[in-house]
2 protein chains.
Amino acid sequence: MSSKCEQCIVRQFSSLKALNKEELLKMAECKTSYIIKKGEPIFEEGETTNGIFCIKDGVCKLTKLSANGKDQIVKLVKPGELLGQRSLISEEPTNLSAVALEDMEVCFIPKKEIMEFFNENNQFSMNVMKTICGDLKDADDHMVSLAQKSVKERLAETLLHLEDTFGKNEDGTLHIQLSREELAGMIGTATESCIRLLSEFNKTGLIELIGKKIAIVDRNKLKRMSE
Amino acid sequence: MSSKCEQCIVRQFSSLKALNKEELLKMAECKTSYIIKKGEPIFEEGETTNGIFCIKDGVCKLTKLSANGKDQIVKLVKPGELLGQRSLISEEPTNLSAVALEDMEVCFIPKKEIMEFFNENNQFSMNVMKTICGDLKDADDHMVSLAQKSVKERLAETLLHLEDTFGKNEDGTLHIQLSREELAGMIGTATESCIRLLSEFNKTGLIELIGKKIAIVDRNKLKRMSE
DNA sequence: AAATTTGTATGACAAATATCATATTTTAAT
DNA sequence: ATTAAAATATGATATTTGTCATACAAATTT
């Protein structure tokens with residue numbers, strides 16, 4: 001028996017907040033829930049998903065494999081967000097892979113129902129459009145950053161962004177747990193270069209390295225460095 | 001007296017093809033036509049546009065000023081496409097500037113009418129969504145390219161893209177006319193580096209430089225080089 | 001618990017790219 | 001037509017970044 005969608009966190013934060021009781025009921029009936037273990041894919045580049053995923057818990061990375069074999073992280077997606085809207089609307093296979101960075105809980109809603117919501121609920125369409133527009137703006141910003149900033153500036157920028165978006169633990173370390181390789185994949189550099197710069201930031205008191213974890217020590221300096 | 005929108009090139013290629021006779025008539029009445037001279041802006045980063053622009057003739061660049069003062073070219077927009085959809089939907093000021101690369105003819109449609117089309121014509125909404133999704137996919141691809149490819153690879157890739165998208169003149173040179181600085185701004189590198197590589201491509205027979213113009217000589221080699 | 005694999009760290013060096021200087025050509029202004 | 005300004009071109013050099021090698025630490029498997 002499916003659980004209700006009415007009180008789900010995803011509904012509060014995503015385009016789905018526009019859905020009415022009847023629509024939510026329909027969704028609760030057609031949805032499938034999944035548990036995805038850390039490291040496992042939700043979908044992979046080139047797949048046809050035929051629906052969208054709602055992220056109830058856990059963070060995942062959207063990556064694209066580049067010609068040289070490295071995974072570029074395009075975006076991190078957190079609870080409350082939807083996944084796979086783009087390829088559903090474009091009616092194309094996904095151009096990105098989604099891989100869990102933590103254990104995740106997700107729900108899958110089939111294309112059929114989503115398309116019905118589009119047709120019947122204008123506010124829902126508008127919300128989805130706004131989300132995608134937001135993604136596009138972020139992508140443009142990211143693009144300029146990759147094109148015009150140095151690796152050092154991008155690392156500083158990314159560390160701040162990670163703290164702002166995912167928060168920190170009691171010991172001040174970033175809550176989101178990325179390997180050095182993944183962090184390098186976000187800023188578009190070699191893993192060794194990323195490690196070297198973290199080490200440098202550590203020595204100059206910008207951050208503190210506690211095992212594999214990273215704590216931001218001097219936010220202001222880091223901010224200045226990112227510009 | 002406004003001219004009709006029914007036969008306009010923009011209608012054939014853009015989301016506007018979903019509009020019916022009545023809607024086109026409404027649009028013809030509310031639109032304003034502009035002539036934009038080469039080098040002039042249509043709008044600038046941070047402005048609130050309050051409507052969308054239809055490009056009837058001429059190509060423009062969408063740029064974003066980076067912290068180091070260089071203009072990054074995010075996208076080139078050609079006749080038949082719409083401009084300013086993102087910020088209209090997000091209800092935010094534009095994050096990009098639009099500057100004419102050639103003399104242009106554009107029409108401005110106020111926000112009010114566009115929103116009415118959204119509400120009354122589902123196919124139109126769907127078309128706009130698809131366009132924005134396409135832009136998002138392109139942005140992701142571009143991002144990976146900037147992050148993972150060398151300047152040489154990006155230049156090769158960009159030259160091919162420019163020929164594919166904008167065609168060539170009778171003498172084989174690229175039809176779209178970009179300065180070296182603008183080309184550098186597309187691939188995200190210093191102008192000197194761009195010039196140097198063009199010079200190298202010229203010497204190795206990949207391209208031919210005819211004054212400021214560029215002709216692709218060996219497409220296949222250039223393709224292989226871009227990967 | 002020992003062994004293997006994986007991730008992190010650092011040095012040495014090579015390659016890519018940016019920067020600065022300057023020459024030349026082209027375009028625009030007077 | 002002359003001059004000034006802007007764009008293109010190229011060399012010299014510094015800086016950034018990537019690659020390869022290797023060491024060490026942590027996690028995982030046996």
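Every chain is numbered from 1, with letters handed out A, B, ... down the list of sequences.
Rounded to an integer number of Å, the gap from Glu182(B) CD to dT8(D) C1' is 14 Å. One interatomic measurement links the two molecules: CD1 of Ile195(B) to C1' of dA6(D), which rounds to 12 Å at whole-angstrom precision. Between the P atom of dT19(C) and the CD atom of Glu181(B) lies a distance of 13 Å, rounded to the nearest Å.
Residue-level contact check: Lys149(B) touches neither bases nor backbone, having no heavy atom under 4.0 Å from any strand. Note on Thr191(B): nothing from the nucleic acid sits closer than 4.0 angstrom, heavy atoms only. Residue-level contact check: Ser199(B) touches the backbone only, with heavy atoms under 4.0 Å from sugar-phosphate atoms and none from bases.
Both Lys212(A) and Glu192(A) lie near DNA chain D, and the one whose nearest nucleotide falls closer to the 5' end is Glu192(A).
Residue Glu181(A) places its CD atom among 12 or fewer non-hydrogen atoms of other residues, nucleotides or ligands, all under 6.0 Å distant.
Between the side chain of Arg196(B) and the base of dT19(C), at least one donor-acceptor pair of N or O atoms lies under 3.5 Å.
Across every non-hydrogen atom of Val10(B) and Cys54(B), the tightest pair is CG1-CB, 3.6 Å.
For the ring pair (Phe, Tyr, Trp, His ring centres under 6.0 Å) test with Phe43(A), the passing option among Phe53(A), Phe108(A), Tyr34(A) is Phe53(A); the others fail.
In the model, Thr94(A) has no side-chain atom that pairs as donor or acceptor with a side-chain atom of Glu45(A) under 3.5 Å.
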